[in-house]
Amino acid sequence: HGQYFQSAIANRKSAIVMNLTANKFCVENARELVLYARMAYDEPPTVQSKATDTQVLIRDLGDCIVVATRGTSNLRDFITDGKAWRVKTPIGEIHAGGWEAWSSVRDDVCHKLPPQSSCKPILFGAHSLGGMISNIAMKELRDLFFNVHSGYTFGCPRSGNVFFQQQYNATPMPGSPFDNLGDATFGVIHDCDLIPRIPPWHWGYRRPGHDEFLSPLLSVLDGKPCIA
């Protein structure tokens, strides 16, 4: 996990107020959300499924909500990762393990979030498997009219087929600084990380949104040399 968390933690002086008007990749938001992605491993979850061991951390920051889903942490999560066949869903063909994990916490997450009528924006920050689950969650929650603002994933695997990617990217975002959900989704990828390259492209897998690459020489999270 170090290539995503190390420099962001080292350079954090104080809590950052989320930039809710940014309409493109925002370094400040990425810095803060990678820390919530880390917290999802360390802090007690707000929502947890015992069946899949999916854990979700939800934090109300006053002007917005942050949702962080824990990534791969134990054998149960590796089993979820390994369910790499796709299943047909209302939003496209989705990684079977990711869909099962999100489905196991969907109702509880919806219950914990502000109602659809709320104007409080919801931001997602998650690492690894948690990023895949977040991509699925963002699409479903936006379709349910929750006020999804944006999502930053870190080392996120591919989550679905071309249809899912296209439908996701084209989902409109009324009331948001972004035109569509694809423009509001950023996959931060370290050049040396293999996880974002799976499941393979030639299996028909795609990742929605935009990829933002971390070079071994320069980190988009802090503008300084990145030590993996």
Side-chain angles (χ1 to χ4, degrees), residues 4-5 7-48 54-71 102 105-127 130-131 133-154 156 168-169 171-188 208-210 212 219-223:
Y4 298 103
F5 300 141
S7 56
I9 293 171
N11 287 279
R12 187 182 194 240
K13 295 180 175 63
S14 61
I16 297 170
V17 176
M18 294 293 183
N19 183 344
L20 302 177
T21 61
N23 60 3
K24 58 183 180 180
F25 182 84
C26 176
V27 172
E28 291 76 18
N29 286 356
R31 286 176 183 164
E32 195 70 2
L33 288 167
V34 74
L35 299 179
Y36 282 99
R38 170 65 179 269
M39 288 166 61
Y41 287 93
D42 300 332
E43 298 199 3
T46 309
V47 172
Q48 180 176 14
T54 304
Q55 299 187 11
V56 184
L57 185 71
I58 301 174
R59 289 287 184 267
D60 189 332
L61 305 187
D63 60 344
C64 65
I65 303 289
V66 171
V67 178
T69 303
R70 191 192 68 187
W102 165 241
V105 295
R106 179 195 296 110
D107 291 346
D108 288 339
V109 169
C110 289
H111 179 71
K112 293 289 185 180
L113 292 176
Q116 288 94 325
S117 58
S118 171
C119 293
K120 187 173 288 190
I122 304 168
L123 291 84
F124 288 76
H127 171 256
I133 298 169
S134 292
N135 284 163
I136 299 167
M138 288 174 65
K139 170 58 176 166
E140 283 220 316
L141 291 173
R142 192 70 205 193
D143 286 348
L144 292 171
F145 303 105
F146 282 92
N147 190 21
V148 173
H149 177 278
S150 58
Y152 290 72
T153 64
F154 305 90
C156 173
Y168 183 109
N169 288 347
T171 301
M173 299 272 282
S176 163
F178 299 95
D179 291 333
N180 53 60
L181 191 56
D183 288 345
T185 303
F186 306 97
V188 179
H210 299 273
E212 302 285 342
S219 167
V220 298
L221 297 183
D222 58 19

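Every value quoted in this text rests on a predicted model; they were computed, and no experiment measured them.
Looking at I122 and L141, their side chains never come closer than 4.5 Å, going by heavy atoms from C-beta outward.
Among all heavy-atom pairs drawn from V148 and M173, the shortest one is O-CE, 3.3 Å. Here the shortest heavy-atom pairing between M138 and S150 reads CE-C, 3.7 Å. What you find for N147 and C119 is that their closest heavy atoms are ND2-O, 2.8 Å. Taking every heavy atom of both residues into account, A30 and F154 meet most closely at O-CZ, 3.7 Å. Residues T171 and R142 approach most closely at CG2-CG, 3.9 Å, considering heavy atoms.
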Show me the donor-acceptor pairs, under 3.5 Å and distance only, between side chains in residues 177-188 and residues at least two apart or in other chains.
| unit_1 | atom_1 | unit_2 | atom_2 | d |
| --- | --- | --- | --- | --- |
| N180 | OD1 | G182 | N | 3.3 |
| N180 | OD1 | D183 | N | 2.9 |
| N180 | ND2 | D183 | OD2 | 3.4 |
| D183 | OD1 | H210 | NE2 | 3.3 |
| T185 | OG1 | Y168 | OH | 2.8 |
| T185 | OG1 | L181 | O | 2.8 |

Return all side-chain donor-acceptor pairs below 3.5 angstrom for residues 56-71, not counting sequence neighbours, or 'none' if the list is empty.
| unit_1 | atom_1 | unit_2 | atom_2 | d |
| --- | --- | --- | --- | --- |
| R59 | NH2 | E43 | OE1 | 2.7 |
| D60 | OD1 | G62 | N | 2.8 |
| D60 | OD1 | K120 | NZ | 3.2 |
| D60 | OD2 | K120 | NZ | 3.1 |
| R70 | NH2 | D53 | O | 3.0 |
| R70 | NH2 | D53 | OD2 | 2.9 |
| R70 | NH2 | D77 | OD1 | 3.4 |
| R70 | NH2 | D77 | OD2 | 2.9 |

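Between M39 atom CE and L33 atom CG the span is 11.0 Å, to the nearest 0.5 Å. In this structure, Q55 CD and Y41 OH are separated by 11.0 Å, a value rounded to the nearest 0.5 Å. Atom CG of residue L20 and atom SG of residue C26 lie 9.5 Å apart, to the nearest 0.5 angstrom.
Side-chain N or O atoms of N29 include one that pairs as donor or acceptor with a backbone N or O of N19 at under 3.5 Å. Between the side chain of Y152 and the main chain of E32, no donor-acceptor pair closer than 3.5 Å is present.
For the side chain to side chain contact (heavy atoms under 4.5 Å, CB included) criterion with T54, the lone passing option out of V109, D108, I133, V47 is I133.
Taking the charged nitrogens against the carboxylate oxygens, D143 and K139 do have a contact shorter than 4.0 Å, which makes a salt bridge.
Residues satisfying the side chain to side chain donor-acceptor pair (under 3.5 Å) criterion with D107, sequence neighbours excluded, are absent altogether.
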